[in-house]
Amino acid sequence: HQVLRVKTKNEEEVKQLQLLESLEHLELDFWINPSAPALPVDVRIPAGSVQSVKAFLESQGIEYSILIEDLQDVLDKERQDMAESAQRQRSTGSFDFSAYHTLDDINAELDHLASEYSFVEKIQIGESYEKRPLYVLKFSTGGSNRPAIWLDAGIHSREWVTQASALWIANKIASDYGTDESITSLLDKMDLFLLPVANPDGFVYTHTSNRMWRKTRSKIPGSICVGVDPNRNWDAGFGGPGASSNPCSDSYHGPSANSEVEVKSVVDFIKNHGNFKAFLTLHSYSQLLMYPYGYKCTRPDDYAELESLGRAAASSIRSLYGTTFQVGTICKTIYQASGGSIDWSYDNGIKYSFAFELRDTGRYGFLLPANQIVPAAKETWLGLKKIMEHVRNKSS
Amino acid sequence: RAMELPPGHFPAARAAAVAVEYLRYLRGGPGSGLRLRELQRARRQDIDDVGHKYYLELELEDVLDKDRTVSCTAEVLYHLGSKTSAPDVQLTVQGELRSTEAADKEFYNRIRSLEKELVAENIPDSHGNVPPELEPIHLLAWVASGYVIWQNSTENTKFHLAQVKHVKQVKRNDEDLQFDFVLLLHEMVSQEVLPWEVTLLWHPQRGARVTQS
């Protein structure tokens, strides 16, 4: 079977295609139906009809190209990929951390972790714009409102390695508690809250419609454009340099600080808890390890400690595979950007505020191959652990 | 009068990216994956009435041959106030880049002997996969994007090729291969992902040139 893309130039040609559509003996399967001249028409053609359909199109002067040369090959490959993934899942008896997953699959794995480990609980801190639950995994071995660490991923939905790494990290922490000295002593003193998909609406959109979507999916009054950059929407220098006031921009800050429910839910949760000591957030790509500020280019009061801790964390990251992360303030390292999450957390008394930009440096960018998920997660975990150990030491 | 710049800060990083993109356009091909391994040193000179000039020392590698690196010195001049003129880039590569003659020839012959013109989409796909037979096309897309990025860069931009949305080979009567690309470029400062149409001609001996973008 071949799949052709037909480009019609006028109404006449559209009519010809509609005629073709009506010839049932050809058994054509239109993936995109002929409707208007400007829109391409994709059609799957059984092997037996390919020659005659092409001859017809050519005789009418209708332009087409081959979208998929041999559909069977593509289907076979996809089936093979999925079988291999299911095989990996069966053989390890668990979630395949070295593959990218849908939101539903991720949520199922959160349920699985919560049910398997007594000290892991899935809580809902709010709902997205499109009413999807915002699920956080709470890791707590006891106590009452212990000093806590916040970790989130996927606030920018196209940064797929971050949600995927968060899942691996969640599993790592859960399964190593009790055996790994560092994790055990950390969770014996502190609680950890992990939000693996901070922007679920955007994430679903990257699966269904546009892999490069970054923002939320909120409707903006007075604009045909959708979505706000959730990392320009925090109440830290809101509306300042490095954020756009244009709703169609990928760095649109939104109508007001905390206008995005995805941001407000986290702000409220952290304020109500009242005892967070660290705020860590995962992004991709560029391999950077940054601390405040983004909204201004002056150094934070804790510059020396944060720079030193950042370097130690980057060193840990590098120790595994040689991956180098640049360390510095947001403003000097990447750009001035207002309304960012770690600036808000820092200015609200959470000293250990860091933002990671994970692999790579541009070769694949947002489209990091799945076989790099686990290496990225492993090295990132070493950096996070370094920071968490320091926070734990300072919290006693 | 040139000021030393921290290599880990964005002004130097942006200039280094421009130098590498320019080099990719000049020297890239279907068998070559030039990349910046490390920016070792950067200085900047502000030249009155002319613009800002960056002096860079770079270490480069080929993604297809990571054991080898090559040093490069580059000068990148961003013209004052100019939104319409590309930065001037001068480069000196010390040492030999990996020879791609055999791979280039094999690719050239393979494409020339195709019955139907090659068409492909979404390279890499959503999961980062690139089918092996399309990797040379991916690398040629880097050459094409190298040109576009060099031409459109300022001190306030940092571009990367995000994805090849669409590529169509166009058969020609002369000896060049022609590829019409629709590229998605990611601009880091604005965070926009922008589509760009580029036509690239390539020949194993003559190299690449962009005829339309």
Side-chain angles (χ1 to χ4, degrees), chain A residues 4-5 65-69 73-74 77 81 99-100 156 158 160-161 206-207 210-215 229 231-232 242-244 246 248-252 285-286 288 314 324-337 357 360-373, chain B residues 5-14 17 20-21 33-39 63 66 114-131 138-139 142 145 149 156-166 168-169 184-195:
Chain A
L4 299 189
R5 170 157 288 179
S65 61
I66 301 171
L67 203 56
I68 300 176
E69 177 85 42
D73 281 354
V74 173
K77 178 85 184 40
D81 283 351
Y100 291 112
H156 290 138
R158 62 190 178 200
W160 277 18
V161 69
T206 59
H207 279 271
N210 180 354
R211 175 63 177 82
M212 297 293 171
W213 189 259
R214 165 183 168 89
K215 302 189 286 183
D229 183 340
N231 208 30
R232 301 286 184 277
S244 175
N246 177 356
C248 300
S249 164
D250 256 331
S251 57
Y252 174 50
Y285 56 94
S286 286
L288 307 171
T324 51
F325 275 55
Q326 298 294 334
V327 179
T329 65
I330 294 173
C331 194
K332 293 278 190 204
T333 308
I334 192 172
Y335 41 47
Q336 190 175 7
E357 292 273 359
D360 60 10
T361 54
R363 179 178 178 192
Y364 289 97
F366 300 123
L367 306 179
L368 195 71
N371 63 16
Q372 288 198 46
I373 294 172
Chain B
L5 296 177
H9 287 183
F10 68 76
R14 289 178 193 174
V20 174
E21 297 295 341
L34 280 173
R35 236 176 60 85
L36 180 66
R37 166 82 74 94
E38 194 190 338
L39 171 60
V63 296
K66 285 207 176 155
L114 284 179
E115 231 178 73
K116 282 160 286 208
E117 290 169 326
L118 181 148
V119 174
E121 294 199 320
N122 296 334
I123 306 168
D125 68 17
S126 284
H127 295 220
N129 295 322
V130 179
H138 190 205
L139 295 174
W142 271 18
S145 69
I149 292 172
N156 299 318
T157 62
K158 189 159 190 275
F159 287 96
H160 292 276
L161 174 63
Q163 191 182 40
V164 182
K165 198 67 198 151
H166 190 81
K168 187 180 99 149
Q169 179 204 355
L184 291 182
L185 296 186
H186 172 224
E187 199 294 290
M188 195 72 78
V189 181
S190 63
Q191 289 296 341
E192 302 296 333
V193 172
L194 307 158

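Sequence lines set the chain letters: A, B, ... in the order given, protein chains first and strands last, and positions in each chain run from 1. Values in this document were obtained by computation on a predicted structure and should not be read as measured data.
- For chain A, the nearby parts of B:Ser126 are the backbone and the side chain; heavy atoms of each come within less than 4.5 Å.
- Only the side chain of A:Arg5 comes within contact range of chain B, with at least one heavy atom under 4.5 Å from a heavy atom of that chain.
- Contact annotation for A:Ser286: only side-chain heavy atoms (C-beta onward) come within less than 4.5 Å of a heavy atom of chain B.
- If you measure heavy-atom distances from B:Glu121 to chain A, the contacts under 4.5 Å come from the side chain alone.
- Contacts of A:Asp250 classified as salt bridge (Lys or Arg N to Asp or Glu O under 4.0 Å), with partners at least two apart in sequence or in another chain: A:Arg158.
- Within the 4.5 Å cutoff, no side-chain heavy atoms of A:Tyr252 are placed close to those of A:Arg214.
- Among A:Leu368, A:Thr206, A:Ile334, the residue making the largest number of heavy-atom pairs under 4.5 Å with chain B is A:Ile334.
- Note: A:Thr333 leads A:Ile373, A:Thr333, A:Asp229 in heavy-atom pairs under 4.5 Å with chain B.
- The greatest number of non-hydrogen atom pairs below 4.5 Å with chain B, out of A:His156, A:Arg211, A:Gln326, is found for A:Arg211.
- With hydrogens and angles left out, the side-chain atoms of A:Ser244 and A:Arg232 include no donor and acceptor closer than 3.5 Å.
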Show your working on side-chain contact (heavy atoms from CB on, under 4.5 Å) between B:Val193 and B:Leu184 and close with a plain yes or no. CA-CA 6 Å; B:Val193 172; B:Leu184 291 182; 3.9 Å; yes

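- For B:Asp125, the part lying under 4.5 angstrom from a heavy atom of chain A is the backbone only.
- Using a 4.5 Å cut-off between heavy atoms, B:Leu161 contacts chain A through its backbone alone, with no side-chain atom that close.
- Between chain B and the residues A:Ser249, A:Ala243, A:Gly242, A:Ala337, the most heavy-atom pairs under 4.5 angstrom are made by A:Ser249.
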For B:Ile123 and B:Gln163, what are the C-alpha separation, side-chain angles and deciding distance, and is it a side-chain contact (heavy atoms from CB on, under 4.5 Å)? CA-CA 6 Å; B:Ile123 306 168; B:Gln163 191 182 40; 5.8 Å; no

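- Checking B:His186 against B:Gln191 by side-chain atom types alone, a donor-acceptor pair falls below 3.5 Å.
- Both the backbone and the side chain of A:Tyr335 come within less than 4.5 Å of a heavy atom in chain B.
- Between B:His127 and A:Trp160, the ring planes lie perpendicular to each other; the angle is over 60°, past the 30° to 60° tilted range.
- Checked against salt bridge (Lys or Arg N to Asp or Glu O under 4.0 Å), B:Glu117 has no partners two or more places apart in sequence or in another chain.
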